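Below, read A as the first sequence line, B as the second, and so on, with proteins coming before strands; counting in each chain starts at 1. Keep in mind the model is a prediction, meaning the values are calculated, not measured.
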Amino acid sequence: MSNFMPMLYAFWDSDITYSFRKSRVAVISALVLLAMFLTAIFAPSLAPQNPFDIAELDLFDSELPPFWVEGGSTAYLLGTDTQARDVLSSIMHGMRISLLVGFASVILAAVMGVTLGLLGGFLGGIVDAVLMRIADVLLSFPPILVALLINGVLRGALPSSAQAESALIVLILSIGLTNWVQYARTVRGSTMVERRKEYIEAARTLGTGKVAIMMKHILPNVLGPVLVIATINLGMAVLTEATLSFLGVGMPPTQPSLGTLIQIGNEFLFSGIWWVVVFPAAALAILVLAVNLLGDWLRDALNPKLR
Amino acid sequence: MFAFLIRRIIQAALVMLVVASIAFLMFRFLGDPISNLLPEDATVQDRAEMREKMGLNDPVLVQYGRFIVDAAQGDFGQSYRNNRPVSDLLAERFPATAELVLVAASLALALGIPLGIYTALNPRGWLSQGLQVVSLLGISVPTFVTGILLILVFSVTLGWLPSFGRGTVVDLGWWTTGFLTTSGLKALILPAIMLALFQMTLIMRLVRAEMLEVLRADYIKFAKARGIPNRMLHFKYALKNTLIPVMTIFGLQLGGLIAFAIITETVFQWPGMGFLFIQAVNFTDVPVMAAYLVLVSFIFVVINTLVDLLYNVADPRLRAERTPARGV
């Protein structure tokens, strides 16, 4: 405990926190993101209404506009949809699912990419050649197309009765399996540099096994750029999830993400209830913008060339 | 040059073979074609006959060979959902997507390049700064949201433009076009803007970055020192070298446009291939999915190969690197 304060001070005084404090964009987007994460995590207790509990819905309150428009009520700050669900509460719950899919698919992609990159870079030979050819083919297609295909294949492999409840997993898999390539390429490159260095030679001479060298010695030294890729990837993953849900192959309406909410709202565009589509869309855009800005800052802050 | 061409074509053929294999695996392991094609009350004997007729009892390799031969001739069998030949469905939908992508690509180039040059030449102007902010927004706002907002403003509120379909199209026998009628042209405006917007911001940023880079090069400084007027300097000497990388990226992005057309076509219920593909993914209509995959991959591969070749023609330095050095 005695050296906790100096540690905290050292962290506060480090290059990265200094550059963070100096960048107004980074601070603002971090705060916005933090607020969104907290909202997502505590949505069930924070949200004014549980939009999935039919007992709480009052059909007389359906299609109410936001509170500042005439006819709106302060009980539903952002209005209600055609089934009297509170738009604000739906957005909070939707954000929860969007972020869950985003984080889970980024973790899946990162773990898969780092493992494969490490294996390819360390072992070389045929393993490396095959992995990199697969990566080349995947990279030559737009990610959204790859995600759609994996999604279609996974859904096709499932019985139709199980499709709704496994939608979350199918989404995480299809986005994660699309995005691992970037991690694999980066980690492979730095692994190939690291494995020729003396400390690896030393470990090998001491009789350390291949797996131990990879996990204990190389891995910690190649993880740096992974964080940057992961941050930028989170924005991409949230966007891909929203797109898939919007296209109707993502989250079902019973368990809507932000993309599903926009899709549902889109169907009522012509009945004049613009708020059911505009607010979820705005929430999605702010979320992605904040992640992208933070990712840009992190990339520049960790790039030694720009110091 | 000739050796390079051959090498690129072999590479392209290999990629196509991989894609075709994926398509075959989808056919083989995804869903049961028999229960999809026969009515539900078909007898066991009907099913066995159908299996035999479709050749599903042959060895896998024979089936694979037959699939490749059929696919190379554009035959992907029957759609599970519409019970029509997949090639007919795709041929019907192809013109809609092609026209949309063509208009969007021209729009993106026609606006992106001049705006990029402008922001590079006047980096401090208010228009440049505004454009930078807009392009950042353009990258973060999902394309389908842009489309919905366009519909909300121009169709719902103002009522100027249609929000779905292609309008009246003229049938030319092998091609249906929306270019020849007013309603067809009007229907094209919003989807084309939605599809072009993202590409436009991308091209704009790219042209700006490249142009700034080129303007710092020595040969531009020399030209300036020699007293060559600014207009000639910018548009004759700098622009040429700026456009080479832009050409490559644009070629690659053309494939992206076809993929993003899936989203645009869904938002505007545009009767193109992307809309067909999304419906196929929704219903696991394997023949349509496989055929779309193979067709789109083919278009990608052709574009990539062409871009590589053009790059070689446009930039003599690349050719020089390949020929062995002959001493100084």
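- Using the six-membered ring where Trp is involved, A:Phe141 and B:Phe300 have ring planes that are tilted, between 30° and 60° apart.
- Proximity to chain A is absent for every atom of B:Val301, based on heavy atoms less than 4.5 angstrom apart.
- There is no contact between B:Thr143 and chain A, counting heavy-atom distances below 4.5 Å.
- Only the side chain of A:Val278 comes within contact range of chain B, judged by heavy atoms closer than 4.5 Å.
- The side-chain hydrogen bond (donor to acceptor under 3.5 Å, both in side chains) test applied to B:Thr97 returns B:Glu265, not counting sequence neighbours.
- In this structure, chain B has a heavy atom under 4.5 Å from the side chain of A:Val277, while its backbone stays farther away.
- In this structure, the portions of A:Leu289 lying under 4.5 Å from any heavy atom of chain B include both its backbone and its side chain.
- Rounded to the nearest 0.5 angstrom, B:Phe275 CZ and A:Leu247 CG are separated by 10.5 Å.
- Separating the OG1 atom in A:Thr243 from the CZ atom in B:Phe144 is a distance of 4.5 Å, to the nearest 0.5 Å.
- Heavy-atom distances place no part of A:Ile286 under 4.5 Å from chain B, backbone and side chain included.
- For the side-chain contact (heavy atoms from CB on, under 4.5 Å) with A:Trp274, the lone residue among B:Leu149, B:Ile148, B:Leu152 that qualifies is B:Leu152.
- Considering only heavy-atom pairs separated by less than 4.5 Å from chain A, the leading option among B:Asp285, B:Asn304, B:Ile278 is B:Ile278.
- Interface remark: B:Leu293 contributes side-chain atoms only to the contact with chain A (heavy atom separation under 4.5 Å).
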